[in-house]
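The first residue in the sequence is number 1, and the count goes up from there. One-based numbering, in listed order, for ligands and for the atoms of each.
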Amino acid sequence: MFLKRLSEILVSTLYPDICAGCNDIIPEGEYFCDCCYAMLDRCETDKFCLKCGTLKKNCLCNSRVYHFDYCISPLYNSGVARHAMYKFKFRKKRYISEFFAKQMALCVKQCYDGVCFDGAVYVPIEKAKAFRRGYNQGQVLAEEISEILGIPVLYDALLSKGKKHTQHELKNVEERYENVKDVYYSEKNLGGKTLLLVDDIRTSGATLDACAKALLAAGADRVYCITGLMTDKKSKLKGKKNGN
Ligand SMILES: [Zn+2]
Ligand SMILES: [Zn+2]
């Protein structure tokens with residue numbers, strides 16, 4: 001018992017918990033220091049149109065028909081949250097997913113109150129990319145959210161034929177839609193299912209839309225999207241149909 005505690009102290013001294021925002025040492029079990037936590041740019045979800053997942057004043061529902069039914073995110077893709085997501089995605093800081101999953105699960109409970117989900121699905125990524133990163137970040141988030149909400153993960157419900165370009169290479173909304181057109185498909189029978197589609201970041205909504213289209217084609221009844229971050233109006237994306 002004493003030795004176990006001693007080894008815990010040694011480990012936490014050698015590898016202290018550090019803030020996902022600024023790398024300061026923080027108390028065990030925390031994700032951010034107080035300062036970074038206070039700086040998180042949270043989405044005020046009551047000001048959002050849940051149909052398209054953007055601010056009501058920038059609602060895209062009249063300019064584009066989405067295949068998903070609803071979409072929402074707890075945080076903006078900026079500042080501390082953006083930095084933390086980057087570390088989770090590209091720097092193998094897997095533990096940061098726990099923070100995002102908690103925020104996302106809370107957001108689902110608040111915004112999709114009373115919805116009975118049959119399963120959570122995630123956006124597939126190329127095998128080489130998952131190997132390089134150590135995991136598919138969307139799958140990790142889906143697993144953790146599912147655990148919190150008590151819904152099953154439907155593994156490999158979505159498959160990818162592969163994209164020509166990564167989405168962030170493309171600066172135009174229409175190019176992004178074109179790049180993911182017919183890329184995703186499903187070999188499952190999702191007849192009548194209400195699904196929670198999980199991804200890390202929503203920018204143009206093109207990937208979520210293409211995934212939702214594939215889920216509906218496999219029989220899904222409804223697709224609710226949840227992403228950790230949403231790219232706000234400062235997005236550099238060009239295109240008249242991108243209002244956020
Ligand atoms: Zn910090
Ligand atoms: Zn809308």
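- For residues 101-117, the set of pairs meeting the salt bridge (charged side-chain N to carboxylate O under 4.0 Å, His left out) definition, not counting sequence neighbours, is empty.
- For the pair Arg64 and Tyr177, the cation-pi test (distance below 6.0 Å, angle within 45°) is passed.
- Protein atoms of type N/O/S that fall under 2.8 Å from the Zn ion (ligand 1) number 4 in this view.
- More than 12 heavy atoms of other residues, nucleotides or ligands shown are found within 6.0 angstrom of NZ on Lys92.
- Salt bridge status for Arg82 with Asp41: absent, with no side-chain N to carboxylate O gap under 4.0 Å.
- Here the Zn ion (ligand 2) is the vertex; the SG atom in Cys59 and the SG atom in Cys49 give an angle of 110° (to 10°).
- For Lys89 and Asp200, the salt-bridge test passes: some basic side-chain N is under 4.0 Å from an acidic carboxylate O.
- In this structure, Arg94 fails the cation-pi test against Phe99, since its NZ or CZ atom is not both closer than 6.0 Å to the six-membered ring centre and inside 45 degrees of the ring normal.
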